[in-house]
Amino acid sequence: MDVEALRQQFPALKQRGDDGRPIVFFDNPAGTQVPQAVIDAVGNYYRSMNANAGGLFSTSRRTSSMVSEVRAAMADFLNAPSDEEIVFGPNMTTLCFALARSLAQTLQPGDEIVLTRMDHDANIEPWRRAAARHGLVVRMVDFVEPECLLDLDSLEAALTDRTRVVATTHDSNAAGSVNPIRQIASMAHAAGALYVVDAVQSAPHLPLDVQEIDCDFLLCSAYKFYGPHVGVLWGRQELLAQLPVDKVRPAKDLPPWRWETGTASFETIAGLGATIAYLDGIGRQQGDRHASRLAHLSGRRQRLKSAMIALSNYERGLCRELIAMLQQIPGLYVYGVTDPQRLGLRVPTVILTLAGHNPADIDGRLGEQGIFVWAGDYYAQELMERLGHGAHGMVRVGLAQYNTIDEVQRLGAALDAIVRN
Ligand SMILES: Cc1ncc(COP(=O)(O)O)c(C=O)c1O
């Protein structure tokens with residue numbers, strides 16, 4: 001991967017801090033920067049398409065066909081069998097609340113929902129609230145320290161003949177741990193339950209394939225994978241068609257439209273189209289490098305998967321360097337998978353503590369030097385409490401495709417300076 005060439009496409013990376021040095025964006029799990037093509041697509045939408053969808057004049061027609069094209073692109077990104085299984089919404093949280101509200105209406109009091117303690121609250125609280133309204137039982141699955149990997153025994157124990165829904169994240173937005181989602185899907189299905197995957201933090205780092213995962217629903221959010229603020233829900237067509245939804249009467253009662261309440265954010269959907277085209281371009285540059293793994297795919301779907309494999313390989317190497325650097329800093333502790341041989345079990349999102357230093361102070365001091373990280377619980381409230389860091393959370397350093405080894409070294413020098421005071 002030519003990271004320098006790729007960085008040139010992200011105008012935000014040209015920003016400089018007070019000391020004149022380029023800003024280092026390690027706040028990626030909270031939101032990534034976007035390539036120029038995405039900025040252009042949003043602007044271009046307003047210049048040449050701005051209208052509501054469904055009209056008979058040119059700008060409205062262009063809006064409708066743009067949305068259809070982006071649905072098809074997103075279907076390729078997720079390897080969805082049908083474009084009509086792609087639902088756009090404001091963000092993952094809103095879509096998950098809608099999904100939980102809907103599914104819960106089909107359940108009986110005493111039915112059970114299985115969740116995990118490593119999830120973002122956006123994949124916990126919607127289910128807890130729906131459960132409270134419908135008399136459902138929530139079971140929480142634990143994870144195992146220090147690698148913060150899901151405890152599959154705890155999952156097995158949580159599944160009963162009353163389990164109707166299993167909802168887990170693909171990977172943790174804090175410790176970065178990746179869940180064995182194919183295995184979880186088959187465990188959930190064997191118990192007679194539907195499986196919902198939160199892929200918000202995997203979409204930027206790993207190839208996604210809803211057919212291979214064999215899940216029933218999957219949610220993600222474009223601003224985490226180099227796009228604008230728009231959420232995506234994928235669901236099996238028959239479920240999207242049959243589940244109860246809150247919709248206004250004149251709106252089409254067919255998937256995906258029956259799930260898309262009100263007028264969509266067309267400009268961000270246009271931007272998402274440019275994001276997928278950008279990733280497709282990375283795949284094109286890969287040529288047939290990953291051909292043996294991708295022989296069963298073709299066209300854009302193949303290129304998108306190829307791009308995600310390339311990005312994931314690059315990020316894994318950088319993550320290895322990041323963790324090795326962090327572990328040399330006295331008093332610094334990294335949670336999650338750190339064994340260089342096991343980095344396939346994590347994405348490059350790393351949480352840490354530094355003895356004697358408050359996470360918010362570290363965040364502030366790094367920010368003054370133009371190094372942007374995050375401090376707190378990033379809504380992974382259950383995980384932070386479970387690890388005993390509910391009060392102040394931890395510092396999170398999250399890598400993305402445009403980060404470099406020089407940036408990792410700059411972070412190392414800045415943390416060294418903090419340790420030495
Ligand atoms: C794992 C995970 N799930 C869900 C969300 C919520 O996504 P959104 O901001 O699109 O509602 C986030 C946001 O950080 C997340 O990291």
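Order of appearance sets the numbers: ligands from 1, and atoms from 1 within every ligand. In this chain, residues are counted from 1 in sequence order.
- Which parts of ligand 1 touch A122 is read off a 4.0 Å heavy-atom cut-off, strictly below it: atoms 4 (C), 6 (C).
- Comparing heavy-atom distances from atom 16 (O) of ligand 1 across K224, H170, Q201 singles out Q201 as nearest.
- Between E407 and R7 there is a salt bridge, with a side-chain nitrogen of the basic residue lying less than 4.0 Å from a carboxylate oxygen of the acidic one.
- Considering backbone and side-chain atoms alike, S221 places an N or O below 3.5 Å from some N or O of ligand 1.
- Here D121 does not pair with R128 in a salt bridge; the nearest charged N to carboxylate O distance is not below 4.0 Å.
- Side-chain atoms of D171 come within 3.5 Å of backbone atoms of S202 as a donor-acceptor pair (strictly under, hydrogens ignored).
- Within the structure, the closest approach of D198 to ligand 1 falls below 4.0 Å when heavy atoms are considered.
- At a 4.0 Å cut-off, at least one heavy atom of Y223 sits close enough to ligand 1 to count as contact.
- Between P348 and H205, the shortest heavy-atom contact is CD-ND1, 3.6 Å.
- The atoms of ligand 1 that sit less than 4.0 Å from any heavy atom of M92 are 4 (C), 7 (O), 8 (P), 10 (O), 11 (O).
- Looking at R386 and E382, no side-chain N of the basic residue comes within less than 4.0 Å of a carboxylate O on the acidic one, giving no salt bridge.
- The proximity of H120 to ligand 1, defined as any non-hydrogen pair under 4.0 Å, is limited to the side chain.
- Below 4.0 Å from some heavy atom of N173 lie the following atoms of ligand 1, by number and element: 1 (C), 16 (O).
- For atom 11 (O) of ligand 1, the nearest non-hydrogen atom of the protein is T93 OG1, 2.5 Å.
- H389 and Y335 have perpendicular rings, their planes meeting at more than 60° on a 0 to 90° scale where under 30° would count as parallel.
- Ring-plane geometry between Y45 and F266 is classed as tilted, the angle between the planes lying from 30 to 60 degrees on a 0 to 90 degree scale.
- Among the atoms of V200, none of the N or O lies under 3.5 angstrom from an N or O of ligand 1.
- In N91, the parts holding a heavy atom less than 4.0 Å from any atom of ligand 1 are both the side chain and the backbone.
- Ion pair E212/R182 flagged as a salt bridge, since at least one NZ, NE, NH1 or NH2 atom sits closer than 4.0 Å to an Asp/Glu carboxylate oxygen.
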